[in-house]
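In this chain, numbering begins with 1 at the start of the sequence shown.
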Amino acid sequence: MIGYVTLGTNDLARGARFYDAIAAELGVGRMMEFDSFIAWGAPGGAPGIGLTKPFDGNPASVGNGVMVALEAKDRAQVQRLYDIALANGGTCEGPVGERGDGSFFAGYFRDPDGNKLNAFVMGG
């Protein structure tokens, strides 16, 4: 049902570097690109993620309680995605580790504009 999720940015070039690195680790690239918008993913594949300057011309801001979750293939990829995020201007929002009863493994981070994401894997 979801084709892609869009997050706002005030610096598309800076955000593009962050998401290019995240997308590369997930095995996808840019699937759409315009002057004020870039989306990463695979057409016809799993939902993608887009980054845009707001259409109304006002500054982008983050939504409190809004988060994009990136499904990893295993725990090692969760760690790599978290490390890539921090190495590319992201900040820690919760270190990598088990959550709950151990059936959920995730690391939480924010992109350079403050948008919250996580990388996760269910089960072992």
Would [X] and [Y] show up in the same hydrophobic cluster when neighbours are defined by side-chain heavy atoms closer than 4.5 Å?
X	Y	result
Y19	F37	no
L7	I2	yes
I49	L12	yes
M67	V62	no
L26	M31	no

**Study point:** Test: E25 and K73 ion pair at under 4.0 Å
**Key:**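 K73 and E25: not salt-bridged.
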About how many Å separate [atom2] of [Y] and [atom1] of [X], when rounded to the nearest 0.5 Å?
X	Y	atom1	atom2	answer
N118	L70	CG	CG	7.0 Å
T9	D111	OG1	CG	7.0 Å
F109	C92	CZ	SG	10.5 Å

Nearest heavy-atom pair of [X] and [Y]: which atoms, and what distance?
X	Y	value
V78	A119	CG1-O, 3.6 Å
Y82	G94	CE1-O, 3.8 Å
R99	A106	NH1-O, 3.1 Å
A21	I84	CB-CG2, 3.6 Å

Check your understanding: Within the distance-only criterion (no hydrogens, no angle test), does the side chain of S36 pair as donor or acceptor with the backbone N or O of T52 below 3.5 angstrom?
Key ->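 No, because the side chain of S36 does not come within donor-acceptor range (under 3.5 Å) of the backbone of T52.
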**Study point:** Heavy-atom donor-acceptor pair, R110 side chain to E93 backbone, under 3.5 Å
**Key:**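 Pair absent, no side-chain N/O of R110 close to backbone of E93.
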**Study point:** Qualifying salt bridge (Lys or Arg N to Asp or Glu O under 4.0 Å) pairs, either residue in residues 39-48, two or more places apart
**Key:**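 Residue pairs with at least one partner in residues 39-48: there are none.
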**Study point:** Pairs touching residues 9-19 that satisfy salt bridge (Lys or Arg N to Asp or Glu O under 4.0 Å), sequence neighbours left out
**Key:**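 Non-adjacent pairs meeting salt bridge (Lys or Arg N to Asp or Glu O under 4.0 Å): R14-D113.
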Exercise for review: Test side-chain contact (heavy atoms from CB on, under 4.5 Å) on Y4 and M32 and set out the steps.
Suggested key: CA-CA 11 Å; Y4 61 93; M32 285 189 285; 3.9 Å; yes
Practice item. Report the C-alpha distance between F105 and D74 in whole Å, list the side-chain angles of each, state the deciding distance to 0.1 Å, and finish with yes or no for side-chain contact (heavy atoms from CB on, under 4.5 Å). Key: CA-CA 9 Å; F105 187 81; D74 55 32; over 6 Å; no
Practice item. For residues R75 and E98, determine if any side-chain heavy atom of one lies less than 4.5 Å from a side-chain heavy atom of the other. Key: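 Answer yes - side chains close enough.
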**Study point:** N115 and V68, any side-chain heavy atoms less than 4.5 Å apart
**Key:**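 V68 does not reach N115 side chain to side chain.
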In residues 53-61, what donor-acceptor pairs under 3.5 Å come from side-chain atoms, sequence neighbours left out?
unit_1	atom_1	unit_2	atom_2	d
D56	OD1	N58	N	2.9
D56	OD2	N58	ND2	3.2

Check your understanding: Are there more than 12 heavy atoms of other residues, nucleotides or ligands under 6.0 Å from atom CZ of F104?
Key ->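 Yes.
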